[in-house]
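Everything below concerns the one structure shown next.
A, B, ... follow the sequence lines: proteins, then strands. Residue 1 opens every chain. When reading the values below, keep in mind they use all heavy atoms of this one structure, side chains included, and skip hydrogens, waters and symmetry mates.
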Amino acid sequence: MTKRSYFTTPIYYANGRPHIGHAYCSVLTDTFRRYHALFGYETHFLTGTDEHGQKVQKSAENAGVSPAEYVDKMSQAFRDLLPDLHVENDDFIRTTEPRHTEIVREALQSLYDKGDIYQNQYEGWYSERAERFWTEKDLVDQKCPETGGPVERVSEKNYFFRMSKYQPQLIEHLEKNRDWIVPASRWQEVRSFLENPLLDLSISRPKSRLSWGIPLPFDEDFVTYVWFDALLNYCSGIGLYRDDQRFQTWWPHANHFLGKDILTTHSVYWGTMLLALDLPLPKRLVTTGMWLIDNTKMSKSLGNVVDPLSLGDKYGAEVLRYFLMRDIVIGLDASFSEEAVVRRNNSDLANDLGNLLRRTITLVERGFDSKIPAPGPSGDEDAELEQLINAVPRVVEEHIMSHRLHDAIEQTMQVVRAMNRYIDHTAPFKVVKEDPARAGETLRHILEGLHVVANLLHPIMPEKMNELLSNLGCAGPVKTAQELHYGMLEAGTPIKAGPPLFPRLEFEAPPESEAPPKKAEKKAKPTPKPDPGDGMASFDDFLKLQLVTATIVTAEPIEGAEKLLKLTVDAGEESTRTVVAGIAKSYAPDDLPGTSIVLLANLQPRKIFGVLSQGMVLLAESDNRMVFVQPAEALPTGAKIR
RNA sequence: UGCGGGGUGGCGCAGAGGUAGCGCGCCGGGCUCAUAACCCGGAGGUCGUUGGUUCGAUUCCAGCCCCCGCGACCA
């Protein structure tokens with residue numbers, strides 16, 4: 001029976017540029033695909049971009065182009081990243097392609113026909129300004145909590161997917177398949193999520209508000225929203241409803257790789273969708289952790305987004321791949337730093353592997369006319385090394401099949417370390433003078449070991465390992481790991497010396513951070529992205545702030561909040577404002593009325609603890625005490641501060 | 001208060017019911033074929049804390065403390 005594996009990454013949302021997280025997931029999936037191929041599986045690898053939705057529509061508007069033009073460009077950025085990272089995908093799907101949209105419509109229609117999609121009135125408070133609905137609870141003084149703008153009661157048609165109907169079946173599947181979700185802790189998480197009743201899933205948006213989507217086949221005034229649009233790519237991409245044989249070939253062997261942040265959508269939403277569609281569930285969900293930057297989540301607003309392309313340029317795609325695969329345990333978070341990349345390159349790749357290759361080849365060049373030495377007398381340590389070399393392919397296979405990639409790599413590198421020990425102990429560089437045949441035999445052992453190691457690391461660093469294999473006089477990697485064993489190199493084959501395979505790298509600290517951050521400072525919130533212009537605020541920047549004097553009229557605690565007070569302030573306007581301030585630890589509410597303060601009047605309103613705060617009170621902080629900033633003498637309220 | 005993830009030698013991380021491992025770094029030695037690489041030896045941990053289950057827990061359970069992410073205590 002043919003062994004098969006079908007691999008997917010999430011389709012990436014075409015509303016931002018690729019970052020290290022995308023690169024990681026793509027490389028990880030690619031690595032597993034290559035390992036499975038090495039272990040005798042036929043493989044198929046699909047990735048792509050998710051291109052519909054509000055954000056894309058809006059970004060396109062902002063950019064002054066059509067959504068189609070916009071996503072063409074963004075999708076290309078993701079597509080280009082793949083070859084740069086030596087990712088070899090078989091297919092790249094875009095959710096705007098007819099081969100996808102048609103399937104989505106057919107799937108929706110079939111669910112509609114069987115009654116799993118139903119229409120219902122959705123009633124809520126719609127904020128024109130925020131372009132979204134709020135529930136009664138969200139509202140603040142009957143205003144939009146985000147913008148402070150008006151909301152209106154809107155009742156509109158909406159289509160729902162009967163997700164709740166499939167909850168028991170999904171739970172059953174989960175219980176019967178303990179290994180459905182990797183790692184096991186994530187399986188637990190999903191199970192506990194399913195202990196609460198599922199709600200049905202809203203899957204539509206009226207075209208009047210969102211035109212950039214796939215129209216519902218049974219109601220063209222609506223487009224489908226997110227779930228059916230995006231998740232179904234995993235099936236449309238392999239021929240669902242179009243090429244049954246192809247679909248049957250791959251779908252039962254689906255391995256979805258995904259970040260832990262989208263586990264619920266993939267296990268619960270996608271799971272129930274498939275049950276409703278009478279399709280089998282994917283074989284496995286492999287949930288990855290996140291790369292943290294300086295122990296903080298990477299985010300645009302912090303300005304710590306790591307660009308995989310520049311890193312690839314700087315250190316080489318394959319060094320980056322090795323780092324990403326080696327320095328994180330699948331499912332756990334790890335912290336990313338360039339320094340760590342350099343360290344990993346130098347210790348594992350340059351010192352251990354590259355240097356071993358180098359010294360071996362030099363010895364073969366000098367003592368054996370650059371040809372693989374003929375077998376010679378064996379010594380005490382030979383058998384042990386041979387055994388190790390022959391065992392490692394199966395060890396790696398076992399680890400890979402249980403998604404323990406870091407163990408697989410570690411075990412492979414152990415062979416390299418063992419060979420460094422071996423070459424030291426057998427000392428061919430010495431022995432060659434009195435017993436060339438014996439020296440040749442020891443070198444053969446190293447070359448054979450390198451051959452096996454190169455094949456086993458090939459899924460992680462395909463080009464570098466091809467180079468290594470070519471140094472050993474091999475045309476390329478083995479077809480499958482089954483044939484991989486000690487003794488595959490032919491005596492007399494010319495070996496080729498090349499430049500160092502993995503040069504040592506120097507870590508250059510970025511110019512800014514000459515002082516490493518102190519431990520004590522770690523607690524401090526990361527500072528927001530510095531302005532491009534050297535951290536200085538321009539005069540114009542300052543003028544944007546409307547600072548005025550004001551007087552506190554009333555003050556009261558906020559229920560449930562420890563540090564917050566709700567203030568009513570008079571800023572010289574026709575009506576007073578409500579402002580929330582974090583001063584409950586420093587001031588008693590009763591003492592506050594009449595206090596003059598400085599108010600930042602044009603701050604974006606924000607709902608805090610159910611109270612809409614319209615502005616910010618300027619405070620100075622000292623010893624954890626918050627102290628009002630006040631004018632030096634009494635002024636009328638509303639006086640401008642410049 | 002909530003949800004999730006953590007607290008293991010100087011640093012970065014594995015691990016798992018039976019008296020702790022890996023890499024880096026550090027100290028001492030060796031080698032000279034090699035990319036200041038490689039090899040040998042060494043120092044260094046009461047596995048956050050307190051109870052419980054157990055013949056036995058760092059590994060299981062409960063409480064507590066601390067850290068990180070998300071969220072309503074940030075405006």
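Using a 4.5 Å heavy-atom cutoff, the side chains of A:Leu447 and A:His451 are not in contact. With contacts defined as side-chain heavy-atom distances shorter than 4.5 Å, the pair A:Ile495/A:Asn471 does not qualify.
The closest donor-acceptor contact from the side chain of A:Thr287 to the backbone of A:Val182 lies under 3.5 Å.
Straight-line distance from the CZ atom of A:Arg343 to the P atom of B:rC24: 11 Å, rounded to whole Å. If you take CZ of A:Arg577 and P of B:rA75, they are 15 Å apart, rounded to a whole angstrom. Spacing between atom CD of A:Glu339 and atom P of B:rG25 amounts to 12 Å, rounded to whole angstrom units. Rounded to an integer number of Å, the gap from A:Gln414 CD to B:rC22 C1' is 8 Å. For the pair A:Asp407 CG and B:rC13 C1', the interatomic distance rounds to 12 Å; values are reported in whole Å. One interatomic measurement links the two molecules: CE of A:Met413 to C1' of B:rA14, which rounds to 17 Å at whole-angstrom precision. Atom-to-atom, CE of A:Met290 to P of B:rC70 comes out at 11 Å; the value is rounded to the nearest Å. When rounded to the nearest whole Å, the span between CG of A:Asp348 and P of B:rC22 equals 15 Å.
B:rG17 and B:rC61 are spaced 12 Å apart, taking the P atom of each and rounding to whole Å. When the P atom is compared between B:rU53 and B:rU58, the two are found 14 Å apart, to the nearest whole Å. Taking the P atom of each, B:rU59 and B:rU49 are spaced 10 Å apart, rounded to whole Å. Taking atom C1' on both nucleotides, B:rG15 is separated from B:rG9 by 15 Å, rounded to a whole Å. Between the P atoms of B:rG18 and B:rC13, the separation comes to 25 Å (whole Å). Distance noted for atom C1' between B:rA57 and B:rU50: 15 Å (whole Å). When the P atom is compared between B:rC47 and B:rG25, the two are found 27 Å apart, to the nearest whole Å. Here, B:rG71 and B:rG7 have their P atoms 24 Å apart, quoted to the whole Å.
Side-chain N/O atoms of A:Asp348 and A:Tyr322 include a donor and acceptor closer than 3.5 Å.
The 12-atom threshold is exceeded at CD of A:Glu365, counting heavy atoms of other residues, nucleotides or ligands nearer than 6.0 Å. Surrounding CZ of A:Arg394 are at most 12 heavy atoms belonging to other residues, nucleotides or ligands under 6.0 Å away.
Taking A:Phe32 as the reference, A:Phe257, A:His403 meet the ring pair (Phe, Tyr, Trp, His ring centres under 6.0 Å) condition, with sequence neighbours excluded. Residues passing the ring pair (Phe, Tyr, Trp, His ring centres under 6.0 Å) test with A:Tyr24 are A:Trp291, sequence neighbours excluded. In this view, A:Tyr422 and A:His445 satisfy the ring pair (Phe, Tyr, Trp, His ring centres under 6.0 Å) rule, not counting sequence neighbours. For A:Asp333, the side-chain hydrogen bond (donor to acceptor under 3.5 Å, both in side chains) criterion is met by A:Lys260, not counting sequence neighbours. With sequence neighbours excluded, no residue forms a ring pair (Phe, Tyr, Trp, His ring centres under 6.0 Å) with A:His399. Partners of A:Glu398 by salt bridge (charged side-chain N to carboxylate O under 4.0 Å, His left out), not counting sequence neighbours: none found.
Sorted by first and then second residue, the side-chain hydrogen bond (donor to acceptor under 3.5 Å, both in side chains) pairs with a member in residues 372-381 of chain A read A:Glu381-A:His425; sequence neighbours excluded. Within the structure, side-chain hydrogen bond (donor to acceptor under 3.5 Å, both in side chains) contacts touching residues 426-438 of chain A (residues at least two apart or in different chains) are A:Asp382-A:Arg438.
A salt bridge does not link A:Asp327 to A:Arg343: none of the charged side-chain nitrogens sits closer than 4.0 Å to a carboxylate oxygen.
Contact annotation for A:Val617: no contact, since no heavy-atom pair falls under 4.0 Å across all strands.
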(message) Walk along nucleotides 35-45 of chain B from 5' to 3' and tag each nucleotide B, S or - by protein heavy-atom contact under 4.0 Å, base first, then sugar-phosphate.
(response) B-SBSS-----
(message) Base contacts versus sugar-phosphate-only contacts with protein, heavy atoms under 4.0 Å: please encode nucleotides 3-10 of chain B as B, S and - from 5' to 3'.
(response) -S------
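Between B:rC24 and A:Arg326, no contact under 4.0 Å exists linking OP1 or OP2 to a side-chain N or O.
Taken residue by residue, residues 434-449 of chain A places no heavy atom nearer than 4.0 Å to RNA chain B.
Stem regions for RNA chain B, each three or more consecutive Watson-Crick or G-U pairs with both distances under 3.5 Å and listed by first number, read B:2-7 with B:65-70, B:10-13 with B:21-24, B:26-30 with B:38-42, B:48-52 with B:60-64.
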